[in-house]
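For ligands, and for the atoms within them, numbers begin at 1 and follow the listed sequence.
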Amino acid sequence: MQISAVPEINKRKESDLIVFPFWYQKKGPKAAASLGTFQATAKTPIEAKDFSGKSGEILLLYSKGAKEKRCLLLGLGKEEELDLESLRKAYALVAKECHKRKAAKINLVVPNVSELRGLTVDELLTGMSEGILLPNYQWKELGSKREEKTLIKHLSFIGVLPKMLGPATDAMKVAEGVYFARDLVNGSADRITPQYLAKTAQELATKFSGVKATVFGKNEIEKQKMGLLLAVSRGSAVDPAFITLSYKGAPRSKDHTVLVGKGVTYDTGGLNIKPTGSMETMRSDMAGSATVLGTLAAVASLGLKVNVTAVIAATENSVDGRSYKPGDVYTSHKGTTVEVGNTDAEGRLTLADALSYSVDHLKPTRIIDLATLTGSVVIALGEDVSGLFANQDTLANSLLEASKQTGESMWRLPLYAPYKELFKSDIADLKNIGGRAAGSITAALFLQEFVTSDIPWAHIDIAGTAFCNKERAYIPKNASGYGVRLLVDFLRKI
Ligand code: BES
Ligand code: ZN
Ligand code: ZN
């Protein structure tokens, strides 16, 4: 993607489409920036009341002799109601119109800054860029008959100076992290194996300076006594992999954020096999790991002055004669013994070993894990909102703040300690299931057993938000890349 700035509208280059923003007013739409020679073009439809400037409204026009093939009037809604989310939604409509018209090069007239209330110029450019960039994605592993989408390749902001483009180029780097995560989640599980995730991490280490990858194969995982990860991986034809990828952007600081991502590359459920209808999208069960890798890529590309490590205990959860069995007991990396109540509650087992390894070996200042952990969270919060759990309010509030800023919604749920009763075992220290009631809470409480209370820890259950069968305002269907923007925003502000 090429991003440029043209301070004066008359100096703009030719393009496939130019976008003019409008505010909604009762008495009729008001141009949010000068229309220049397009005054006449816009006049007729406005007089005919075919365009009001309400948010979500677009009107495609054609103008003879212009530098663009097409002109798009875009409604931003009421000027005083403009915020990041309404900008994203409005500019996503522009992106979709461009895809429809196969417009790859676009001129975006920036709304007049002096007229804005409550939004900084940086936020304005961020919102516009995100609205265009986030839907500007196509999953490339195409079926033979699917037509290739014409993606937007040139973005020219009209009415700003080149030195003001920082937020737009930053948004591009973050969007690349989001695409990166989506590609991993959308990809077939037979290709995106634990070894593939390991290779991907190693490639990131080669690509970015300050990034280092370490991969443990099965032998090393055995040496590390990660008994729960090994149990889950028993039934799979592919080996597990334990991946750490660290970025040191602040070498002199001791501050260190560890991001743990669930990396179950396919979840059949194991011997407690999932029924038809529940298994088909389970290649997305490594979305947490895709998010932490995408975040690391974005953070490194932005060159943020922070220290971050992504940790992934990658494995498949498959069915085989060697599969781990309900009723069996395994010893975790931490030493805690766990009775397998249900082989489909595998995520918490892999995460338990990843969390306690992080506590023991990585000197974290804080740990945040992301996991497609429970069907329960989808029932509780749906496909738009993730479940947040945290053992400390400051961390929880910072994450909620990042969630508000990025529009990646999240709701805090309680680590209600009395429910620990629910996953008691007669034969081991813990059992990996706690019954149907409060399923997301008992899963989070199980994870909490493997961190220590002195380290701020948050768990984000993304089972509903990571993968979606319908397209949203600015998020395409299937893998959403949820969490990359949220984590980058969080890391920017620590
Ligand atoms: N990977 C699933 C959770 C999931 C469900 C993710 C739907 C995305 C969409 C997880 O491993 C799982 O199967 N959890 C079980 C736990 C139960 C057996 C205690 C669940 O939620 O049903
Ligand atoms: Zn499962
Ligand atoms: Zn799972």
Side-chain angles (χ1 to χ4, degrees), residues 185-186 189 192 194 197 228-229 231-236 240 260-291 312-319 323-327 338-354 369-387 389 413 419-420 422-425 430-447 459-470 477-480 482-483:
V185 175
N186 282 327
I192 315 292
L197 290 179
L228 302 184
L229 171 61
V232 174
S233 81
R234 285 178 63 92
S236 171
V260 178
K262 175 172 171 182
V264 173
T265 56
Y266 198 78
D267 184 10
T268 66
L271 291 180
N272 293 106
I273 195 162
K274 285 183 184 292
T276 298
S278 297
M279 205 192 292
E280 291 78 355
T281 56
M282 280 301 134
R283 68 177 191 284
S284 68
D285 214 17
M286 36 57 75
S289 70
T291 301
I312 303 161
T315 178
E316 222 179 55
N317 184 23
S318 282
V319 190
S323 285
Y324 77 133
K325 298 164 185 68
V338 180
E339 176 194 352
V340 178
N342 189 315
T343 60
D344 198 10
E346 83 299 335
R348 64 197 75 182
L349 299 176
T350 63
L351 288 164
D353 279 350
D369 78 70
L370 282 96
T372 46
L373 200 63
T374 65
S376 271
V377 85
V378 195
I379 303 300
L381 301 174
E383 291 193 325
D384 284 357
V385 185
S386 300
F389 298 85
L413 298 170
Y419 287 170
K420 286 185 197 168
L422 298 172
F423 51 83
K424 268 193 169 164
S425 163
L430 303 168
K431 191 159 71 180
N432 77 334
I433 47 166
R436 269 169 65 83
S440 303
I441 298 178
T442 51
L445 286 168
F446 182 91
L447 298 182
H459 155 61
I460 307 176
D461 194 335
I462 56 170
T465 48
F467 195 91
C468 188
N469 280 317
K470 61 172 202 308
K477 74 177 207 173
N478 300 325
S480 63
Y482 179 100

> What is the distance from atom CZ of Arg234 to atom NZ of Lys325, rounded to the nearest 0.5 Å?
Replying inline: 5.5 Å
> How would you list, by chain and number, the residues with a heavy atom under 4.0 angstrom from ligand 1?
Replying inline: Lys262, Asp267, Lys274, Met282, Asp285, Asn342, Asp344, Glu346, Arg348, Thr372, Leu373, Thr374, Gly375, Ile433, Ala463
>> To the closest 0.5 Å, what do you measure between CG (Asp461) and CG (Leu370)?
In response: 9.5 Å
>> Going by side-chain contact (heavy atoms from CB on, under 4.5 Å), name the residues that satisfy it together with Ser318, two or more places apart in sequence or in a different chain.
In response: Ser236, Thr268, Glu316
>> Tell me which pairs pass salt bridge (charged side-chain N to carboxylate O under 4.0 Å, His left out) where either residue lies in residues 281-291, with sequence neighbours left out.
In response: Lys262-Asp285
>> Just to verify, which of Glu280, Met279, Lys274 counts as forming a side chain to side chain contact (heavy atoms under 4.5 Å, CB included) with Thr276?
In response: Glu280
> Under a 4.5 Å cut-off applied to non-hydrogen side-chain atoms, are Phe467 and Asn478 in contact?
Replying inline: yes
> Under 6.0 Å from the NZ atom of Lys477, do we count more than 12 heavy atoms belonging to anything else shown?
Replying inline: no
> At what distance, to the nearest 0.5 angstrom, does CG of Leu349 lie from CD of Glu346?
Replying inline: 7.5 Å
>> Just verifying a value: how many Å separate Tyr419 OH and Ile441 CD1, rounded to the nearest 0.5 Å?
In response: 6.0 Å
> What protein N, O or S atoms come within a distance below 2.8 Å of the Zn ion (ligand 3), ordered by chain and number?
Replying inline: Lys262 NZ, Asp267 OD2, Asp285 OD2, Glu346 OE2
